[in-house]
Number of protein chains: 2
Amino acid sequence: MGVMTATKLTPKGAATRERIVEAAADLILARGVGGTSLDDIRAGTATSKSQLFHYFPGGKSELVGAIAAFQAERVLQAQRPYLDTLDTWEAWQGWRDSVIAHYGSQPHWGCPIGSLAGELMGNDPARAADVAEHLNKWRGYLQAGAERMRESGLLRADADPERLALSVFASLQGGLLLTQTMCSIEPLAAALDGALATLRDSAA
Amino acid sequence: MGVMTATKLTPKGAATRERIVEAAADLILARGVGGTSLDDIRAGTATSKSQLFHYFPGGKSELVGAIAAFQAERVLQAQRPYLDTLDTWEAWQGWRDSVIAHYGSQPHWGCPIGSLAGELMGNDPARAADVAEHLNKWRGYLQAGAERMRESGLLRADADPERLALSVFASLQGGLLLTQTMCSIEPLAAALDGALATLRDSAA
DNA sequence: GAATCATTGGACCCATCGGTCCAGAAAGCT
DNA sequence: AGCTTTCTGGACCGATGGGTCCAATGATTC
């Protein structure tokens, strides 16, 4: 979870911190980590350099970590309630629709977590591992759903929930990458429909 | 295709240029565009700054473009001969195996093209579009194969080759992303197997 | 109301980065 | 040979980057 921010936070301070995270999240989503300077963030949040380091003593890396956590929470939330109850075929379909609705409505394309992880792997491996944890957690929800479907008999007993979740999640991330490079939501839709078809192949 | 390098190249010059591209490709694959400075490249190729700008007048952006073309060619080549003849189920399976063999044998994980496109989208959109072209070309081979399979009756007449290719390609790219963040080849294998299962769903 | 601590503002520092420039070495060409 | 063109080395530059520091301003508590 990175470094714990142990310093006391007054309500005002907490508000400032959150303002920084939210605005910086948008900037980095649009222009990447390398393409966003602390000065950009300072300007975009109407704060000063000292505040950035006051709330994120670890500097840019720690800020990026906070942003990743924030984006992960936001993305997961957009998939609820389906994400927690992937016990039926209808729930998976609803999940698919919620994902497409979420990313289709965003002004920017691409996955805030996946692209972050990809970019960080080279520069800041420690932080990248941190971000990858969010991806694992996300994938865990899919796997948990698949496991319950197997237990309830909707999936065959010889189905491999881990592998299925991996496959679906890869389709999701790849669809998002293509959605970004092609500036269209179609790749994501095709990828998810394909992934769900794969899942149904393991139906009992 | 970007800027045409119209200057004359002696054999020696061409060799130097190629040496730069190859070494820089490895560096950027490992540490990303933002994480690799021209000085790193200069050191890694035993050349001087002036040579970099002599062979790539457009600077770093042009060099990145050349690297993308080089990597694209290398990656496509690794998938041959299957990539050109995806007319049978066996060919698709052979293609899957060649992809896994190629990426599994590499010291670094992740797709040289996909991660490049993702990182560049924010900083250098023009160059990103250039790189995305390579992705489109790659995807085109899959689509062409699917189309031939439909014509030959191996795929149902109502199958949508474009959508199928999109789905398979998304699985591939997503699998590579997860392969990178999880430091394992398993995600790619699961993703590709899932994608091929999807394809078989459209079998006649 | 005084002391303490979180909160701002912004000037400042130094390393690094992409890029320029020029002078010299090497290679072709006639 | 002698001239032209390509090739190479590396010093240099201006801009920008992340990060530090200190002084001032609030807010809280006793």
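Excluded from the calculations below are hydrogen atoms, water molecules and symmetry mates; all remaining heavy atoms, backbone and side chain alike, are included. Residue numbering restarts at 1 for every chain, and letters A, B, ... go by the order of the sequence lines.
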Engineer: Any non-hydrogen side-chain atom of L196(A) less than 4.5 Å from a side-chain atom of R200(A)?
Structural biologist: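 Touching, per the 4.5 Å side-chain cut-off.
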Engineer: Can you tell me if the side-chain N/O atoms of Y55(B) get under 4.0 Å from OP1 or OP2 in dT8(D)?
Structural biologist: yes
Engineer: Separation of H54(A) atom NE2 from dG26(D) atom P, in whole Å?
Structural biologist: 16 Å
Engineer: Take the protein atom CG of L9(A) and the nucleotide atom C1' of dT8(C), then report the distance between them rounded to whole Å.
Structural biologist: 15 Å
Engineer: Going 5' to 3' along nucleotides 10-30 of chain C, which nucleotides have protein heavy atoms under 4.0 Å from the base (write B), which only from the sugar-phosphate (write S), and which from neither (write -)?
Structural biologist: B------SBBBB----SS---
Engineer: Can you check whether L164(A) reaches L142(A) side chain to side chain, under 4.5 Å on heavy atoms?
Structural biologist: no
Engineer: Output the rounded distance in Å from CG (N123(A)) to C1' (dG18(D)).
Structural biologist: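 It is 14 Å, rounded to the nearest whole Å.
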Engineer: Kindly write out the residues that satisfy ring-ring contact (aromatic ring centres under 6.0 Å, His included) with W95(B), not counting sequence neighbours, or none if the list is empty.
Structural biologist: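 With neighbours one apart ignored, the set is W92(B).
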Engineer: Could you tell me the separation between the CZ atom of R42(A) and the C1' atom of dT16(D), rounded to a whole number of Å?
Structural biologist: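 These atoms are roughly 13 Å apart.
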Engineer: If we ignore angles and hydrogens, is there a donor and acceptor under 3.5 Å between the side chains of R42(A) and T47(A)?
Structural biologist: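 There is no such pair between these side chains.
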Engineer: Tell me, please, which residues at least two apart from Y103(B) pass ring-ring contact (aromatic ring centres under 6.0 Å, His included).
Structural biologist: none
Engineer: Please name all residues satisfying side-chain hydrogen bond (donor to acceptor under 3.5 Å, both in side chains) with R19(A), sequence neighbours left out, ordered by chain then number.
Structural biologist: none
Engineer: Can you list the residues that meet the salt bridge (Lys or Arg N to Asp or Glu O under 4.0 Å) rule with D193(A), with sequence neighbours excluded?
Structural biologist: R96(A), R163(B)
Engineer: Return yes if a side-chain donor-acceptor contact under 3.5 Å exists between S171(A) and S171(B), otherwise no.
Structural biologist: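 A donor-acceptor contact under 3.5 Å links the two side chains.
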Engineer: Whether T47(A) contacts dG9(C) is assessed here as follows: a side-chain N or O lying under 4.0 Å from the phosphate OP1 or OP2. Is that the case?
Structural biologist: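 For dG9(C), OP1/OP2 do not have a side-chain N/O of T47(A) under 4.0 Å.
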Engineer: Angle between the end axes of the helix from dG1(C)-dC30(D) to dT30(C)-dA1(D), five pairs per end, to the nearest 10 degrees?
Structural biologist: 10°
